Amino acid sequence: MKIKKFMAMMIAAVALCVSFASCGDDDDDDDNKVVTPAAQTLAGNYTGVLTLSVMGSESNDTVSYEIKKIDDTHVSMTTPAYGSGAMALPSITLDNISVSTSASSGVEVISASVSEVSGSIVVNGEDKAYKFSDVVIANTGNKVSVAYSLQYGKMPMAMVFSFTGEK
């Protein structure tokens, strides 16, 4: 009888010890996660294929875009210099582009957009006006896509740019 009582107490003690044991904190606490600001995630140098369309005529080339973090919710984007001769476009930097984060099919998408940016730049001693329209930057992982229209100098039509590249 003593042995049965002793065994029952041992089983109870083992059950008590096992029930209080834990394997550590397996919970996904949002308080402990390091959150990288969207602008910092988007920042980087991206190389890929640029498609330029003017009045239905397209050309493709491999170029690089630079995106820099201004603050946690804004970036700047520097377009590549493109073309040659009278059709040469200089590199232009667009500042203060607003950044946001969303989810699409369970994948985090960081995007930046601005409806219009205009200004002027001096090229070969001559002032050239420019107007960017419908600028959209979208990022998933190390890939980025950029799209915009550009009215440059005295060109009567807009140039439509689309770019897809990787860091």
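Bear in mind the structure is a predicted one, so any value in this text is a computation, not a measurement. In what follows, residues are counted from 1 in the order of the sequence shown.
The ring of Tyr148 has its center closer than 6.0 angstrom to the ring center of Phe161.
Val160 and Met155 fall into different hydrophobic clusters, defined by Ile, Leu, Val, Met, Phe, Trp and Tyr side-chain heavy atoms under 4.5 Å apart, directly or through other members. Residues Val117 and Val122 do not share a hydrophobic cluster, defined by chaining ILVMFWY side chains whose heavy atoms lie under 4.5 Å apart. The same ILVMFWY cluster, assembled from side-chain heavy atoms under 4.5 Å apart, contains both Leu150 and Val123.
Distance check, rounded to the nearest 0.5 Å: CD of Glu116 to OG of Ser149 gives 11.0 Å. Within the model, atoms OG of Ser76 and CD1 of Ile70 stand 4.5 Å from one another, a figure rounded to the nearest 0.5 Å.
Looking only at side-chain heavy atoms (C-beta outward), Tyr152 and Met159 come within less than 4.5 Å of each other. Taking the side chain as every heavy atom from C-beta outward, Gln151 and Tyr130 never approach each other to under 4.5 Å. Side-chain contact between Ile97 and His74 is absent, with no heavy-atom pair separated by less than 4.5 Å. At least one side-chain heavy atom of Glu108 sits less than 4.5 Å from a side-chain heavy atom of Ile110. Contact of the Ile92 side chain with the Ile121 side chain is registered, since non-hydrogen atoms from C-beta on lie closer than 4.5 Å. Side-chain contact between Glu66 and Met77 is absent, with no heavy atoms from C-beta onward closer than 4.5 Å. In this structure the side chain of Pro80 reaches within 4.5 angstrom of the side chain of Tyr65, judged on heavy atoms.
A distance-only check finds a donor-acceptor pair linking the side chain of Asp71 to the backbone of Thr73 [under 3.5 Å]. Side chain of Ser91 to backbone of Thr79: a donor-acceptor contact under 3.5 angstrom is found.
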For residues 44-57, dump all side-chain donor-acceptor pairs below 3.5 Å to protein atoms at least two apart in sequence or in another chain.
from, atom 1, to, atom 2, distance (Å)
Tyr46, OH, Leu42, O, 2.8
Tyr46, OH, Asn139, ND2, 3.2
Thr47, OG1, Ser64, OG, 2.8
Thr51, OG1, Asn60, OD1, 2.7

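Taking a 6.0 Å sphere around NZ of Lys68, one finds it holds 12 or fewer heavy atoms contributed by other residues, nucleotides or ligands. More than 12 heavy atoms of other shown residues, nucleotides or ligands fall within 6.0 angstrom of atom NZ in Lys167.
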